[in-house]
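To start, the structure under review is shown below, and the notes come after it.
Residue numbers begin at 1 in each chain, while the letters A, B, ... track the order of the sequences.
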Amino acid sequence: MSELLKISLPDGSVREMPEGSTPADVAAAIGPGLAKAAIAAKVDGELRDIGRPFDGDAELALVTNRDEEEALELARHDFAHVLAEAVQALWPGTQITFGPATDDGFYYDVMAPEGRDPFGMDDLPAIEEKMREIIKADKPLRREAWSRQALIDKWQAEGESFKAEWAAELPEGEELTVYWSGDDWMDMCRGPHLPSTGKLDPQAFKLMRVAGAYWRGDQANAQLTRIYGTGWLNKKQLNAHLHRLEEAGKRDHRKLGREMDLFHLQEEAHGSVFWHPKGYKIWRELEAYMRRKMDGGGYREIKTPQLMDVRQWTQSGHWGKYAENMFAVPDIVPDVDEESGAASPKVANDADWMAIKPMNCPAHVLVFKQGITSYRDLPIRLGEMGCCHRNEPHGALHGLMRVRQFTQDDAHIFCTEDQVVEEVRKFCKLADEVYSDFGFKYHVKLALRPEKRFGSDADWDKAEQELRDAVAEAGMDNEDYGWEELPGEGAFYAPKLEWHLTDAIGRTWQVGTIQGDRVLPERLDATYVGEDGGRHRPVMLHRAIFGSYERFIGILIEHFAGKVPLWLAPTQAVVAPIVSDIDGYASEVLAKLEAAGLRAESDLRNEKINYKVREHSLKKVPHLLVVGKREQEEGTVAIRTLGEKDQQVLPLDDAIAMLKANATPPDLRRA
RNA sequence: GCUGCUGUAGCUCAGUGGUAGAGCGCGUCAUUGGUAAUGACGAGGUCGGGAGUUCAAUUCUCCCUAGCAGCACCA
């Protein structure tokens with residue numbers, strides 16, 4: 001006999017529904033408007049299909065497009081399925097695999113039919129068209145439970161080997177479900193889904209690109225074609241998103257780097273940066289800043305060799321693990337024919353291999369090992385603006401963000417076991433000061449032991465706990481700091497604390513890190529003399545705040561859209577006379593600016609002031625000092641600040657004092 | 001490294017089986033103009049590199065190389 005279910009609604013009311021009824025029935029009982037608007041249901045907190053019957057008494061909240069987070073997730077997931085259906089409709093024999101929602105849309109990984117090339121950009125318009133058809137057909141999406149074997153058999157019968165593999169490996173005991181789109185297409189999916197394809201807005205998605213992606217993310221597996229789309233609830237949201245992408249493109253550091261004449265890259269040294277005078281000014285200012293911070297933090301700066309015998313890298317373990325990403329040269333003088341420039345192919349079997357350093361730490365241990373260190377000397381903090389080379393996979397290179405030659409604000413802290421937590425805590429404070437000086441908000445994450453690792457579990461337990469303790473002492477183990485632990489993401493020798501910056505348009509960048517390492521001191525036999533007169537192993541903390549100068553500058557350019565703070569600006573002010581009669585005064589103003597230590601230029605070209613304003617604005621020069629007859633007579637300058645329309649007329653000395661004050665680096669300003 | 005796309009003047013980009021074009025920039029001249037482009041004239045290209053097909057290749061094919069998007073990688 002059938003009983004009535006008690007369904008509690010968010011407003012506290014309870015409705016009695018017959019057994020077998022669904023959230024859709026409840027919506028219909030409440031009113032036709034809601035019935036139409038409702039797209040899913042939260043049943044006892046779990047997001048479910050609106051047409052899935054209740055299991056018993058339940059708390060129900062109906063989901064509509066007003067619940068944007070859930071609605072977007074559902075829509076994107078459905079777009080992914082519609083995408084897969086469209087591709088199979090267009091190209092029968094295409095295998096489907098997997099297609100989730102992403103942060104701004106969806107993708108689906110497919111395998112083109114035998115004999116057909118992987119899908120390309122040219123195929124996207126046709127797929128979009130087919131997707132719109134499917135959406136407009138308003139096909140009902142229906143959930144159905146299947147047995148594992150039936151599902152495997154079906155996939156195999158249809159030649160869907162990836163799906164069959166997947167079905168076979170889904171965890172035991174999990175209910176396997178499929179979703180039908182109409183009666184003619186289905187995909188294996190956990191759901192939930194919208195009640196029908198017609199709930200999607202056919203104008204609210206766009207296929208963006210195709211890319212290769214490995215089956216299950218493993219390079220050893222087949223490469224599929226991943227079709228990416230962006231998906232939204234309506235056209236307005238889609239357009240807003242496309243506009244945001246355009247804006248992000250305008251901040252691209254590669255574009256701004258060229259426009260602002262900061263640096264360039266070229267084939268002959270791909271992955272290495274040619275810094276131009278203006279770009280290198282930013283670098284030098286950052287470097288000077290970081291030196292002040294590290295000097296003040298008890299670090300001592302050293303400089304260690306670029307090239308070391310491979311024996312050293314073998315001992316440290318890097319040669320064994322990373323040789324293919326290192327640059328190595330035989331330690332010989334090649335015979336070169338002066339006429340032709342050809343080097344003789346003299347392979348010196350007896351030559352030692354030297355390797356260019358991919359990191360600074362082994363050399364820092366070697367510095368530490370010179371002489372005998374007492375526990376009284378610890379902690380020893382050795383810093384280096386270390387220039388490293390790594391032969392990165394070519395596809396990984398990206399502007400300043402991923403390069404083959406980079407310089408780190410690197411340092412290693414050698415300390416006793418007892419000092420680790422305190423040193424990590426101090427570092428947290430230093431990192432906070434630095435990021436705050438640039439106006440960055442950040443999150444702190446702890447990357448825990450990876451599967452492949454050196455050292456005992458007990459050591460890892462300890463190392464991970466130390467970092468947790470230090471973060472707790474620094475007061476950062478909370479939501480304000482986005483505190484989170486990431487299993488499996490640590491380095492092979494140690495867990496890592498990571499600092500992730502959030503930039504002006506919401507993207508995150510991992511920059512800073514600190515890692516407690518007990519492996520390298522062991523491998524390179526670093527010791528200190530303890531209180532007891534015996535030899536002890538120091539702990540080595542690897543740490544960096546900028547990470548690499550190249551990448552950090554790239555991040556700054558994008559964060560500020562080229563308009564870096566005055567203290568970093570390569571050219572802080574340009575003096576622009578309105579007519580050439582004033583060139584003399586302009587030069588006088590320039591000389592005074594330079595004497596005050598400001599980075600300034602003059603623009604004496606035979607151009608109108610409009611032209612000069614436009615040009616220097618586009619080059620992101622923070623201040624334009626316009627001088628005409630009036631300014632000359634009165635000994636003033638008219639200051640135009642980037643991004644502002646109004647000018648400010650000040651006596652020259654006052655203007656210089658103001659600029660100088662504003663151009664003071666943030667750490668010196670506080671002093 | 002893998003998949004897809006791209007490489008034409010300093011930059012952004014058009015174009016063609018018969019050895020090339022625009023805008024900006026650059027140079028010269030005129031103009032001395034008060035806050036986002038003054039005008040005229042001019043110079044500038046082995047069409048990424050190599051091989052092949054062809055009477056003829058910047059264009060079509062293949063290989064290499066670099067870049068772009070993504071994947072994988074990131075000590």
Side-chain angles (χ1 to χ4, degrees), chain A residues 107 109 111-112 117-124 208-228 252 254-255 258-259 261 264-271 313 316-322 324-326 357-362 388 390-399 401-404 406 408 450 454 489-494 496 510 513 515 517 519-520 542 547-548 551 576-583 606-618 624-631 638-647 649:
Chain A
Y107 65 79
D109 289 347
M111 174 70 110
D117 285 340
F119 301 109
M121 288 294 282
D122 297 343
D123 298 315
L124 298 186
M208 304 299 281
R209 63 181 85 90
V210 292
Y214 300 104
W215 169 236
R216 307 184 133 191
D218 188 336
Q219 204 162 354
N221 291 341
Q223 184 152 24
L224 311 166
T225 306
R226 177 168 297 176
I227 303 175
Y228 278 94
D252 191 308
R254 295 163 299 185
K255 181 169 137 65
R258 198 183 311 111
E259 288 170 4
D261 194 17
H264 87 269
L265 300 159
Q266 70 180 59
E267 236 184 272
E268 287 73 10
H270 74 279
W313 298 108
S316 70
H318 293 96
W319 189 247
K321 200 160 168 55
Y322 292 108
E324 63 176 24
N325 295 313
M326 290 169 68
K357 66 177 172 187
M359 54 192 334
N360 306 299
C361 33
C388 298
R390 293 179 189 174
N391 199 349
E392 302 283 6
H394 288 194
L397 301 176
H398 179 89
M401 301 305 190
R402 188 85 178 267
V403 288
R404 302 210 297 180
F406 56 92
Q408 295 173 306
F454 287 172
E489 306 247 324
F492 70 92
Y493 55 81
K496 303 194 274 194
Q510 199 234 300
T513 178
Q515 309 151 20
D517 181 5
V519 174
L520 201 59
H542 305 245
S548 97
R551 186 153 174 278
I578 289 169
V579 293
S580 53
D581 289 354
I582 312 298
D583 287 359
N606 177 10
E607 295 292 351
K608 289 190 168 181
I609 197 64
N610 285 311
Y611 182 91
K612 294 183 187 179
V613 167
R614 177 181 152 82
E615 176 152 308
H616 297 297
S617 297
L618 289 174
L624 194 60
L625 308 195
V626 176
V627 290
K629 286 205 177 67
R630 227 155 43 220
E631 286 74 15
I639 305 181
R640 184 189 163 110
T641 299
L642 185 60
E644 291 173 23
K645 268 253 179 288
D646 295 337
Q647 53 171 336
V649 181

From B/rC73, B/rA66, B/rG67, nucleotide with atom closest to A/A396 side chain: B/rC73
Polar pair under 3.5 Å, donor/acceptor by atom type, side chain A/Y214, base B/rG1: yes
Any donor-acceptor N/O pair under 3.5 Å between B/rC73 base and A/R402 side chain: yes
Sugar-phosphate, base or nothing in reach of A/K645, heavy atoms under 4.0 Å: sugar-phosphate
Touch class at under 4.0 angstrom, heavy-atom based, for A/H616 against every strand present: nothing
Sugar-phosphate only, base, or nothing, as touched by A/A638 at under 4.0 Å among non-hydrogen atoms: base
Sugar-phosphate only, base, or nothing, as touched by A/G217 at under 4.0 Å among non-hydrogen atoms: sugar-phosphate
Close side-chain approach of A/Y493 and A/K321, heavy atoms under 4.5 Å: no
Pairwise side-chain contact, A/K629 with A/I582, heavy-atom cut-off 4.5 Å (strictly under): yes
Touch class at under 4.0 angstrom, heavy-atom based, for A/E489 against every strand present: nothing
Residue A/M359, side-chain atoms from C-beta onward, closest of B/rC71, B/rU32, B/rA75: B/rA75
Minimum-distance nucleotide (side-chain atoms of A/Y611 versus B/rU65, B/rG67, B/rG25): B/rG25
Per-pair stack call A/F492 and B/rA75, 5.5 Å, 30°: no
Sugar-phosphate only, base, or nothing, as touched by A/N325 at under 4.0 Å among non-hydrogen atoms: base
Whole-Å P distance, B/rA37 and B/rC26: 16 Å
Donor-acceptor contact below 3.5 Å, side chain A/K612 vs main chain A/P577: yes
Pairwise 5' ranking along RNA chain B for A/M326 and A/R630, keeping only the more 5' one: A/R630
Touch class at under 4.0 angstrom, heavy-atom based, for A/L224 against every strand present: nothing
Same-atom distance (P) from B/rA14 to B/rA43, integer angstrom: 26 Å
Sugar-phosphate only, base, or nothing, as touched by A/R216 at under 4.0 Å among non-hydrogen atoms: nothing
Check: A/R640 side chain, B/rA36 base, donor-acceptor under 3.5 Å: yes
Sugar-phosphate only, base, or nothing, as touched by A/I578 at under 4.0 Å among non-hydrogen atoms: base
Ionic contact status for A/D252 with A/R254, cut-off 4.0 Å: yes
A/F406/A/R551 under side-chain contact (heavy atoms from CB on, under 4.5 Å): CA gap, chis, key distance, verdict: CA-CA 8 Å; A/F406 56 92; A/R551 186 153 174 278; over 6 Å; no
Pair of N/O donor and acceptor under 3.5 Å linking B/rA69 base with A/R209 side chain: no
Sugar-phosphate only, base, or nothing, as touched by A/E259 at under 4.0 Å among non-hydrogen atoms: nothing
Sugar-phosphate, base or nothing in reach of A/K496, heavy atoms under 4.0 Å: sugar-phosphate
Polar side-chain atom of A/R390 near backbone of A/P358 as donor-acceptor pair, under 3.5 Å: yes
Quiz item: A/E631 side-chain donor-acceptor pair to B/rG34 base, under 3.5 Å: yes
Aromatic contact, A/F492 with A/F454 (centres under 6.0 Å): yes
Range-with-range stems for RNA chain B, at least three Watson-Crick or G-U pairs under 3.5 Å: B:1-7 with B:65-71, B:10-13 with B:21-24, B:26-30 with B:38-42, B:48-52 with B:60-64
Options B/rU38, B/rU35, B/rG4, nucleotide nearest the side-chain atoms of A/V613: B/rU35
Distance, P atom - from B/rG48 to B/rU6, rounded to whole angstrom: 13 Å
Sugar-phosphate, base or nothing in reach of A/Y107, heavy atoms under 4.0 Å: nothing
Donor-acceptor pair present, A/S580 side chain and B/rU32 base, under 3.5 Å: yes
Selected nucleotide, minimal atom distance to A/A211 side chain, candidates B/rA72, B/rG4, B/rG70: B/rG70
Of the listed nucleotides B/rA66, B/rG34, B/rG67, the one nearest the side chain of A/E267: B/rA66
Sugar-phosphate only, base, or nothing, as touched by A/E392 at under 4.0 Å among non-hydrogen atoms: nothing
